[in-house]
Amino acid sequence: MQKILIVTLPIATLVVALSGVVFAQDTASPQEHTPPLSLRDAPLRDAPLRDAPLHGGRSAEEWIGDLRSEDVAERQKAAYALWSLRGAADAGALLLAHAVGDDDAYVRSTAAKALLGLGAAAQRSTVATVGGLLVSDHEGIRREAATLMWRFGPLATEAVTELNAALDSTDSVVRANAAAALGNTGAAGSVASDRLEELAADDEDEAVRKWAGKSFALIDPVAALASDSRRVRKAAIDTWADPKLQGWKRADVREALVAALDDPDEQIRVSAANDLANFCGFARDARPVELIAVFERILEHDRAPAVRAQGAAGLGRFKGHGKRVVPVLAKAAASSEPDVQWTALVALRMMGAEARSAVPVVLRVFESGDDRVRAAAVGALGGLGVRSDAVIDVLIRGMQSRDRGTRRTSISTLGGFGTTSARAVRALVTAFGDESFSVYERAAIAEALATSGAAELAVAPLTQAFETDPDGDPRIAFALVSLDAPIAARALTAICRRTMRLTNPFEELNLLGRLGPKAAGAVSTVAHQLDRDKDRMRLDAVHALTAIGVTQPGVRAALQRAATDPAPDVAQAAKSALESDAPETR
């Protein structure tokens, strides 16, 4: 059972903004039940903000005194009022801190949340008091204090001594929360490094091990990645995999991960190489160029195919360095190890036109690889942009492959060649008429023909298929509209009918959006989806309307309605579309 403890109010709409917490990705933590409380004279919707320093007609100073009341109900109301008053209650910071030690669960949890709404200086003045509660004899108090210390974020630096001592608590919840809080203290937490390493390696409680490992990795990544404990080393690698930490900007983290590539444990090496490869993706143009040599060394020397595959993945992030990187990737693609081959082919595809020199290797790999590798080879050919007869021959054969992935990738790649290759289009038209292909695959071919722009070759067979089954796969109708076929209006109507008929017309909305202004006749159909219950459906409708064009009749009115949608994502998408078409931006 996880043990990071967050005590919450029983009022569902109470949200306290938390800042400076390093472990933002782990906010879903166990919760201790707090008894419900009726506050008839202080409803949440009437809670004043900072610019209205009264609550229930009383000032913060008046409420603060009630925290000393012997009547628990009075203390509960005071804690709630001070939470509601936010920064206006700064003067009561110390009394709120002492209230975190209240015997009543509601008082202490609400006081803790009130502290989080105070100004930084007021919060700082309470850290020592809250830290002292970590050794309380009362389980609820010490757990609330430990949770609050974690919520304090970097302010926990003021209580490193108390948190370090709390790591020896017999209460696993306190140990876990104290460990998590130390992760927010930076270099100041180094006094706890040895104890954190011990807990991460050997504590009986899983949550304690997890948080101790994270914090040790944040405080001293070099020591954590070099730990004698495999569990600690793995925790450190997993911690720095989080892109929010921007580990690629820290030389010590990069160097420690490079050192981990020599780890005797294969999984550690795989994870370290994966972190470094991802660093290059997250950093984009700021990726450390010196890592090219690291990935080359992995491909040259590591014994494990899984590690070498990560080396290829890393090299694929260095578009712009093709002269150096492509020969290494081509060699990896020609290896006898499927995982390495597959990853190298994907990396070559990412390199785009820079990797055209690798086409002969990719063609050979297609002939000799397994199904997964052959599909990756087809994808690489599409990315490299070479439209030679040899490439088209392979793609045509790929469409006949027994492997679905290879067939589908070959179909989409041929469609991407467009009108630059009449032979590719003819191959797609021939395949469309081949009944050995499944209905789904023929629809995929129709979609590829739509993107090819080759109306003179594609419209006739597509029209025949549509006339035979107007209610069939909508991608055939999509292709007809996209290619401006004579029956485009009927095809668009068919997509609209299907959109109105289906419970979840996600694909249809996507197709209408891809048609852009050509779907102007579908505006009312798309706008109707704004009345759906599902947020995702309404959001897709907004995206489709935006693609059709704000200037098309009916679109602006529909988007204005969507701008008041209760779902924030839907409303924001609609507002952004309307703003992008404002007169001053046109």
Side-chain angles (χ1 to χ4, degrees), residues 5-11 13-18 32-152 155-156 158-159 162 177:
L5 184 68
I6 302 173
V7 183
T8 62
L9 283 168
I11 302 172
T13 55
L14 175 57
V15 179
V16 178
L18 304 175
E32 179 179 278
H33 175 70
T34 312
L37 176 68
S38 174
L39 295 170
R40 292 183 297 274
D41 61 339
L44 181 61
R45 64 178 179 274
D46 293 330
L49 300 177
R50 292 191 181 196
D51 59 352
L54 294 181
H55 179 86
R58 302 176 67 196
S59 68
E61 287 74 12
E62 293 174 292
W63 282 111
I64 287 167
D66 287 353
L67 286 175
R68 298 190 181 96
S69 173
E70 294 184 2
D71 186 336
V72 66
E74 293 300 317
R75 299 199 307 276
Q76 290 173 342
K77 291 178 181 178
Y80 178 84
L82 292 169
W83 169 82
S84 300
L85 289 167
R86 308 293 198 277
D90 281 4
L94 285 177
L95 276 179
L96 282 169
H98 284 290
V100 174
D102 199 283
D103 287 340
D104 181 72
Y106 186 89
V107 173
R108 60 177 178 265
S109 66
T110 309
K113 291 172 177 62
L115 284 173
L116 293 171
L118 302 184
Q123 286 182 356
R124 182 174 288 106
S125 71
T126 69
V127 172
T129 301
V130 175
L133 297 175
L134 291 169
V135 294
S136 171
D137 292 335
H138 190 296
E139 177 184 88
I141 292 173
R142 63 176 180 264
R143 291 184 173 188
E144 190 71 64
T147 299
L148 184 55
M149 292 302 298
W150 173 58
R151 292 296 199 196
F152 272 158
L155 283 179
E158 308 280 339
E162 292 84 351
N177 280 276

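Nothing fancy with the numbering, it's 1 onward along the sequence.
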Discussion item. Any side-chain to backbone donor/acceptor pair from Ser136 onto Leu133? Under 3.5 Å, distance only.
Written reply: no
Fill in: Residue list, side chain to side chain contact (heavy atoms under 4.5 Å, CB included) with Ala156, at least two apart or on another chain
Met149, Leu163, Ala181, Thr185
Worksheet entry | Counterpart residues, side chain to side chain donor-acceptor pair (under 3.5 Å), relative to Asp90 (two or more places apart) | none
Worksheet item: Which heavy atom in Ala111 sits nearest to a heavy atom in Ala99, and how many Å separate them?
Response: CB-CB, 3.7 Å
Practice prompt. Kindly give the heavy-atom pair with the smallest separation between Ser69 and Asp71, and that separation in Å.
Written response: OG-N, 3.0 Å
Fill in: Results of side chain to side chain donor-acceptor pair (under 3.5 Å) for Glu74 - residues two or more places apart only
none
Discussion item. Are the side chains of Arg108 and Ile141 in contact, using a 4.5 Å heavy-atom criterion?
Written reply: yes
Item to complete: Of all the heavy-atom pairs spanning Ala114 and Ala79, show the shortest one and how long it is.
Response: CB-O, 4.4 Å
Worksheet item: So how far is it from Leu85 CG to Tyr80 OH, rounded to the nearest 0.5 Å?
Response: 10.0 Å
Practice prompt. Can you measure from CG (Leu82) to CD (Glu62) and round to the nearest 0.5 angstrom?
Written response: 11.5 Å
Discussion item. Applying side chain to side chain contact (heavy atoms under 4.5 Å, CB included) to Lys77 and Trp63, what does each step give before you reach the verdict?
Written reply: CA-CA 8 Å; Lys77 291 178 181 178; Trp63 282 111; 4.1 Å; yes
Discussion item. I'd like to check Leu118 versus Arg86 (side-chain heavy atoms, cut-off strictly below 4.5 Å). Are they in contact?
Written reply: no
Discussion item. Looking at Glu144 and Ala112, would you say the former's side chain and the latter's main chain have a donor-acceptor pair under 3.5 Å?
Written reply: no
Item to complete: Specify the closest pair of heavy atoms between Ala89 and Ala60, including all atoms of both residues, with the distance to one decimal.
Response: CA-CB, 3.9 Å
Worksheet, complete the sentence: Residues Ala120 and Leu155: closest non-hydrogen pair is O-CD1, 4.4 Å
Practice prompt. With the side chain counted from C-beta on, respond yes when Leu115 and Trp83 share a heavy-atom pair under 4.5 Å apart, and no when they do not.
Written response: no
Practice prompt. To the nearest 0.5 Å, tell me how far Asn177 CG sits from Thr147 OG1.
Written response: 4.0 Å
Worksheet entry | Straight-line distance of Arg143 CZ to Leu148 CG, nearest 0.5 Å | 16.0 Å
Worksheet item: Partners of Arg68 by side chain to side chain donor-acceptor pair (under 3.5 Å), sequence neighbours excluded?
Response: none
Worksheet item: Got a donor-acceptor contact below 3.5 angstrom from the Thr110 side chain to the Val107 backbone?
Response: no
Discussion item. Determine whether Asp103 and His138 satisfy the following criterion, side chain to side chain contact (heavy atoms under 4.5 Å, CB included), listing intermediate values before the conclusion.
Written reply: CA-CA 8 Å; Asp103 287 340; His138 190 296; 4.1 Å; yes
Discussion item. To the nearest 0.5 Å, what is the distance between CG on Leu116 and CZ on Phe152?
Written reply: 6.0 Å
Worksheet item: How far does CG of Leu54 sit from OG of Ser84, to the nearest 0.5 angstrom?
Response: 12.5 Å
Discussion item. Show, in sequence, the C-alpha distance, side-chain angles and deciding distance for Arg142 and Val135, and conclude whether the side chain to side chain contact (heavy atoms under 4.5 Å, CB included) test is met.
Written reply: CA-CA 6 Å; Arg142 63 176 180 264; Val135 294; over 6 Å; no
Worksheet item: How far apart are the C-alpha atoms of Leu96 and Thr126, what are their side-chain angles, what is the distance that settles it, and do they pass the side chain to side chain contact (heavy atoms under 4.5 Å, CB included) test?
Response: CA-CA 8 Å; Leu96 282 169; Thr126 69; over 6 Å; no
Worksheet entry | Residues forming a salt bridge (charged side-chain N to carboxylate O under 4.0 Å, His left out) with Glu162, sequence neighbours excluded | none
Fill in: Ion pair Asp102/Arg75, N-O distance below 4.0 Å
yes
Response to the item:
Residue pairs passing the salt bridge (charged side-chain N to carboxylate O under 4.0 Å, His left out) test with at least one member in residues 127-137, sequence neighbours excluded, are none
